[in-house]
Every structure is written in structure tokens, then in C-alpha cells.
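The chains referred to below are lettered A, B, ... by the order of the sequence lines, with proteins before strands, and numbering in each begins at 1. Computed over heavy atoms, backbone and side chain alike; hydrogens, waters and symmetry mates excluded. Treat the numbers as computed from the prediction; the structure is a model and nothing was measured.
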Protein chains: 2
Amino acid sequence: MTFMTSRRTDALSRERIVEATIQILDTAGESGLTLRAVTAHLATGRGAIYHHVTNKDELLAAAADGVIGQVVAAAAGGDDPRGSIRALALGIFEAIDARPWVGVQLSREPFQPAVLQIWKAVGVSLSALGVGGTALADAGSALVNYVLGAAGQHAAGARRAPDGAARKEFLDGVAAEWARQDSDPLVQESAALLREHDDRAQFLAGVDIFLAGIFSSEAIAAVRRDASD
Amino acid sequence: MTFMTSRRTDALSRERIVEATIQILDTAGESGLTLRAVTAHLATGRGAIYHHVTNKDELLAAAADGVIGQVVAAAAGGDDPRGSIRALALGIFEAIDARPWVGVQLSREPFQPAVLQIWKAVGVSLSALGVGGTALADAGSALVNYVLGAAGQHAAGARRAPDGAARKEFLDGVAAEWARQDSDPLVQESAALLREHDDRAQFLAGVDIFLAGIFSSEAIAAVRRDASD
DNA sequence: ACCTGAACACCGTTCAAGT
DNA sequence: ACCTGAACACCGTTCAAGT
């Protein structure tokens with residue numbers, strides 16, 4: 001039997017590197033994540049990182065996977081699949097609201113681990129609701145793409161205007177710009193609505209539209225099946 | 001009266017710069033777009049670009065706006081608003097399929113000109129279908145976010161696997177990886193479906209789910225209004 | 001006013017050399 | 001095996017100097 005010996009008690013590991021990455025992203029944002037910042041944070045050399053991780057993209061994907069893993073775990077279980085879907089969507093929304101970099105990362109790469117976790121959780125809930133086969137793939141893709149799209153858009157907004165006051169000012173500015181550029185009454189009304197809209201409520205309304213759509217599609221498909229019998 | 005004199009017949013202009021940008025993006029992809037490539041293409045100095053455009057982000061946004069402008073124009077008009085929405089969505093899908101960089105750019109920034117064009121076109125069609133007020137904002141946001149999410153995800157796939165053969169190989173690889181990692185029957189079935197799924201058909205199925213959801217939501221809201229009378 | 005191109009202040013990644 | 005840090009090959013952006 002041999003003793004485990006290490007030159008430093010806090011030996012470098014993929015886990016510690018990802019932890020440091022999340023910390024840097026949270027405090028300095030996406031533009032603050034540089035390999036130099038990571039090595040400084042861990043008091044190591046540049047090349048050491050590449051011993052545990054293939055490149056910066058993998059670092060970002062691993063960081064997002066860590067955050068989303070917690071969200072998915074928190075929303076899992078329960079015997080109400082619709083509730084699970086809403087809880088998952090809301091959890092993702094709030095994670096992105098707190099950490100805009102997650103939203104940007106999610107909408108960047110389709111087959112990264114964090115996105116696969118979302119796919120699977122959505123698939124499980126839809127399956128529990130009785131949706132299967134191609135309909136499951138279509139419904140899952142619709143929901144996941146909606147959530148990721150909203151994620152990316154909201155992340156960009158949250159990054160630009162971190163607190164409530166900055167957000168209000170920013171939206172007022174955009175609304176004024178719209179109203180100025182286009183006299184179309186529809187645009188004028190949209191500008192007014194934009195000023196006072198609630199991102200979270202609008203996001204959840206979208207989830208409900210989607211859920212309603214799936215079951216009305218399912219119903220139509222069932223009717224079609226009956227008709228062709 | 002003075003004559004307009006210019007040292008070169010093809011004087012630099014914002015328009016010519018954006019044109020060159022689109023050409024570079026189409027041939028060299030997003031990673032190929034560098035200020036150095038643009039200046040080389042236009043046979044000018046680096047700083048000249050900054051005389052017509054504030055930075056690289058604006059260049060990308062202007063390029064995407066040019067492409068989306070044509071798509072929106074082509075899908076506009078007609079007396080079938082649902083058809084217009086489907087045509088717009090399909091047009092965006094095909095533009096992104098041909099130019100993955102557009103999809104990446106669309107999902108990056110919420111209030112850029114190209115996205116505002118999409119918002120307005122969707123708003124006009126939904127409005128023609130009788131949706132208004134907050135319901136219009138919710139429905140529009142759902143649809144736009146779905147389209148942008150799918151745009152980003154499809155763009156990443158299209159960039160990774162440009163032609164049909166590469167795409168098939170790539171999807172087979174991902175499906176095999178899923179099947180290996182997770183023995184859950186749901187994942188096994190999803191892997192099988194992934195291998196043979198049609199991105200375009202799946203995207204359009206998603207549009208129909210949202211349309212169905214919008215009108216079933218509208219119906220429910222109408223019932224609620226009646227009930228509260 | 002418009003353009004030039006060198007200079008500046010960064011990047012991610014690699015790799016010989018160390019322990 | 002793991003780590004170091006200098007070196008490499010790039011970036012976007014600025015700015016004094018030209019016409």
C-alpha cells in the first residue's frame with residue numbers, strides 16, 4: 001500500500017477549475033472569463049488548465065452544466081408533469097436572470113451537456129403526459145427551443161441592465177426609440193406595453209401557450225386518427 | 001455650385017462595408033470575419049471602417065439585418081395571416097440554414113434591428129388574427145423566442161455539419177453517444193428518433209404548436225371573459 | 001472630411017523545460 | 001504525470017499623421 005502524496009493540498013482538478021470558472025463568470029461576467037483570470041484565481045500556470053480541460057469552450061459548457069444540473073434536480077419528481085415543466089422553465093429563467101452568462105452559453109451549442117439535461121427532463125414530463133413518438137420529439141423540440149430562445153434574449157437584456165432601475169431606464173429608452181422610428185399604431189402600442197411588461201410573467205405565459213398548443217395538437221391528431229379509422 | 005470630387009470611384013460607405021461583411025461571413029464563416037479581412041477585401045486601412053461603423057458588433061447586426069430584411073419582405077402581405085407567419089418562420093429557417101452566422105447573431109441580442117423586424121412582422125400577422133393587448137405581447141414573445149431559439153440551435157448544427165453527409169454522420173455520432181451514456185428507454189428512443197429526424201419539419205411542427213396554443217389560449221380567455229360577465 | 005497604417009493592449013493555445 | 005511560463009500567432013480598437 002502506498003500513501004497518496006501531493007505537492008499541494010489543493011491539487012488542480014477539473015472540478016476545481018470549473019468552480020473557479022463559475023466564480024469568475026459570476027463576478028466578472030462572460031467578458032471577464034479569460035484563461036489568464038482562471039490561472040490567476042488558481043495560482044497556477046497557463047498550460048496547467050489544458051491538462052484537465054481541452055479548451056475554453058469546454059470550460060464554459062461545464063460551468064453551465066453545473067448550474068443547470070442543480071436547476072433540473074430541483075424541478076424533478078412530483079406527480080404533476082405540467083407543474084414540473086413549469087417549475088423547470090421557471091428555474092431556468094431564474095438561473096439565467098441571476099447569471100446571464102448561462103443563457104448565452106445555452107443558446108450557443110445544441111448538444112452540450114446542459115442542454116441535454118433540459119431535453120431529458122422535458123422528455124420525461126411530456127412522456128408522463130402521454131405524448132410519445134414523433135409528437136414527443138416535435139413537442140420537446142418546440143419547448144426546448146422556446147426556453148433556449150427566451151434564455152438567450154433575456155440574458156442579453158439582464159447583462160445590459162443588471163438591476164431594476166437600469167432595466168427600467170433601458171426599456172424606456174428602447175420604447176422611446178421604437179415610438180420615434182415608426183408611427184404605425186401597432187408599434188406605438190407595443191412600445192407602451194414594452195415599458196411596463198414583466199419578463200418573467202411573459203416567459204411563463206409562453207410556456208402555457210406551448211402547453212395549450214401541445215394538447216390541442218394532440219387532440220387534433222386524435223380526432224384525425226379517429227376519422228381515418 | 002461645386003462638383004462632387006472623390007479620390008476613388010468606389011468611395012467607402014457603410015453600405016459597401018456591410019456588403020463586404022456579408023460576403024466574408026458567407027465564404028469564411030463567423031470566425032473568418034475580422035476587421036483585417038474587411039479592410040483587405042475593401043483595400044483600405046483599418047481605421048477607415050471605424051469612420052462608418054462604431055464597432056464589429058454593429059457590423060454583424062447590420063449584416064443580419066440585411067439578410068432578414070429580404071426574408072421579411074418576401075413573407076409580407078397576403079390575406080392569410082397564419083400562412084404569413086408560417087412563411088416568415090420558414091424563410092428565417094432557410095436563411096439560417098444557408099447562412100448559420102445569421103442564426104447565431106439573431107439569438108445574441110434582443111433589440112437589434114433584425115429582431116425588431118421579425119417582432120413587427122409577427123405582430124402584424126397576430127393582430128390581423130384578432131389578437132391584441134397583453135395577449136398579443138405574450139403570443140408574439142412566445143413565437144419570436146421560439147423562432148430565435150430554434151435559429152440559434154439549428155445554426156450551431158449547420159455550422160458543424162455543412163452538407164447532408166456530414167450532418168448524417170454527426171447526428172449518428174451524437175445518437176450513439178446518448179444511447180451509450182443512458183440506458184433509459186426514453187433516451188434510447190430519442191436517440192433513434194434523432195438519427196432520422198427532419199430539422200425543417202420539426203421546426204414547422206413547433207410553429208404549429210404555438211399557433212394552436214395561441215388560439216386555444218384565446219378561446220379559453222374568451223370563455224373566461226364570458227363567465228365573468 | 002476621410003483615410004492610412006503603425007502601435008497598443010489584449011486574447012487562446014502550445015510547448016520545451018522543469019519537478 | 002503534472003505543472004510552469006515564455007513564446008506564438010493572432011485579435012479589436014485607437015490615433016497621430018497624412019491628403
*Asks:* Considering just the side-chain nitrogens and oxygens of His52(A), establish if one lies under 4.0 Å of OP1 or OP2 belonging to dC3(D).
*Replies:* yes
*Asks:* Quick one: pull up CZ in Phe93(A) and CG in Asp199(A) and give me the separation to the nearest 0.5 Å.
*Replies:* 5.0 Å
*Asks:* Side chains of Gln117(B) and Asp65(B): donor-acceptor distance under 3.5 Å anywhere?
*Replies:* yes
*Asks:* Answer whether the closest heavy-atom distance between the side chains of Arg195(B) and Asp172(B) falls below 4.5 Å.
*Replies:*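 Arg195(B) vs Asp172(B): side chains touch.
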*Asks:* Kindly give the heavy-atom pair with the smallest separation between Ile96(A) and His154(A), and that separation in Å.
*Replies:*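 Smallest interatomic distance, heavy atoms only, reads CG2-CD2, 4.2 Å.
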*Asks:* Is any side-chain N of the basic residue among Arg108(B) and Glu30(A) closer than 4.0 Å to the acidic one's carboxylate O?
*Replies:* no
*Asks:* My understanding is that a pair needs two contacts under 3.5 Å, Watson-Crick or G-U wobble. By that rule, which nucleotide pairs with dA7(C)?
*Replies:* dT13(D)
*Asks:* Expressed as a whole number of angstroms, how long is the span from His51(B):NE2 to dG18(D):P?
*Replies:* 17 Å
*Asks:* Hey, mind stepping through Glu19(A) and Arg16(A) against salt bridge (Lys or Arg N to Asp or Glu O under 4.0 Å) and telling me if it holds?
*Replies:* CA-CA 5 Å; Glu19(A) 242 169 59; Arg16(A) 283 194 66 232; 5.7 Å; no
*Asks:* Write down the distance between CG (Asp57(A)) and C1' (dT13(C)), rounded to a whole number of angstrom.
*Replies:* 13 Å
*Asks:* Go ahead and name the base partner of dC2(C); Watson-Crick or wobble counts if both distances stay under 3.5 Å, otherwise write none.
*Replies:* dG18(D)
*Asks:* Counting primed atoms plus P, OP1 and OP2 as sugar-phosphate and everything else as base, spell out the protein contacts along nucleotides 7-12 of chain D at 4.0 Å heavy-atom distance: B, S or - for each nucleotide, 5' to 3'.
*Replies:* ----BB
